[in-house]
Asks: 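Just dropping this structure here.
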Amino acid sequence: HNLVGDIGGMTLAPGLYCISGVGLLASQLILDGPSDAVWVFKASTSLTPINGSVVMAGGGQASNVYWHTGTAVSLDNTQFLGTILSGTAVTFTGVGSSLSGRALAKTAVTATGASISGN
């Protein structure tokens, strides 16, 4: 499935999603599926969630969500979940930023005022 621009406001079933251009998340994204469902998001460049959130529905598990980017991930005041695999760096800013999952990057993971918990 191809996604473009802001992915907030959507409810997505399990599957593979390709995000063209810069992926934005400015509101709530709902991932709806059973506990064994898997979501994979592949962004050709960067992912920049600002004031958004990712939530699970239908029993889905954060440990079954994967985000892969060609370049950076920059989360600002965003509640995020899953495993982030960044082509360069992951940056969390804002006291409202949180991650339930893992953040892996080729260069650095930086958290300023953010809450990160493994799953």
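All heavy atoms count here, side chains included; hydrogens, waters and symmetry mates do not. None of the values given here were measured: they were computed from a predicted structure.
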Asks: Could you walk me through whether Leu81 and Met56 pass side chain to side chain contact (heavy atoms under 4.5 Å, CB included), step by step?
Replies: CA-CA 9 Å; Leu81 57 81; Met56 303 304 296; 3.6 Å; yes
Asks: Name all residues meeting the side-chain contact (heavy atoms from CB on, under 4.5 Å) criterion together with Thr71; count only those two or more places apart in sequence or in a different chain, and write none if there are none.
Replies: Thr45, Ser46, Thr88
Asks: Does Trp67 form a side chain to side chain contact (heavy atoms under 4.5 Å, CB included) with Val54? I'd like the steps, not just the answer.
Replies: CA-CA 12 Å; Trp67 303 86; Val54 180; 4.1 Å; yes
Asks: Measure across Ala105 and Ala89 and return the closest heavy-atom pair with its distance rounded to 0.1 Å.
Replies: CB-CA, 3.8 Å
Asks: What closest approach, in Å, do Ala72 and Ser86 show between heavy atoms, and which atom pair accounts for it?
Replies: CA-OG, 3.9 Å
Asks: Which one of Leu29, Leu47, Val65, Val73 satisfies the side chain to side chain contact (heavy atoms under 4.5 Å, CB included) criterion with Phe80?
Replies: Leu47
Asks: Which ILVMFWY residues can you reach from Leu85 by hopping between side chains whose heavy atoms are under 4.5 Å apart?
Replies: Leu104
Asks: Kindly state each residue pair satisfying ring-ring contact (aromatic ring centres under 6.0 Å, His included) with at least one member in residues 45-66, sequence neighbours excluded.
Replies: none
Asks: Find out if a path of hydrophobic residues (ILVMFWY) with successive side-chain heavy-atom gaps under 4.5 Å connects Phe41 to Val109.
Replies: yes
Asks: List the atom pairs, with distances to 0.1 Å, where a side-chain N or O of residues 2-16 and a protein N or O form a donor-acceptor pair under 3.5 Å, not counting sequence neighbours.
Replies:
| unit_1 | atom_1 | unit_2 | atom_2 | d |
| --- | --- | --- | --- | --- |
| Asp6 | OD1 | Gly8 | N | 2.8 |
| Asp6 | OD1 | Ala26 | N | 3.2 |

Asks: Contact between Asn64 and Leu31 at the side-chain level, heavy atoms closer than 4.5 Å - yes or no?
Replies: no
Asks: Starting from the C-alpha separation in whole Å, work towards a yes-or-no answer on side chain to side chain contact (heavy atoms under 4.5 Å, CB included) for Gln61 and Trp39.
Replies: CA-CA 10 Å; Gln61 302 293 313; Trp39 290 262; over 6 Å; no
Asks: In the hydrophobic clustering (ILVMFWY, side-chain contacts below 4.5 Å, transitive), which residues join Ile30, or is it alone?
Replies: Val55
Asks: Atom CD of Gln79 and atom CG of Leu99: how far apart are they, to the nearest 0.5 Å?
Replies: 11.0 Å
Asks: Can you name the residues that form a side-chain hydrogen bond (donor to acceptor under 3.5 Å, both in side chains) with Asn51, not counting sequence neighbours?
Replies: Asn77
Asks: Under the criterion side chain to side chain contact (heavy atoms under 4.5 Å, CB included), I'd like the reasoning laid out for Leu75 against Val90: C-alpha separation, chi angles, the key distance, then a yes or no.
Replies: CA-CA 8 Å; Leu75 296 107; Val90 179; 4.2 Å; yes
Asks: If we check side chain to side chain contact (heavy atoms under 4.5 Å, CB included) with Thr48, which of these qualifies: Asp76, Leu24, Leu25, Thr78?
Replies: Leu24
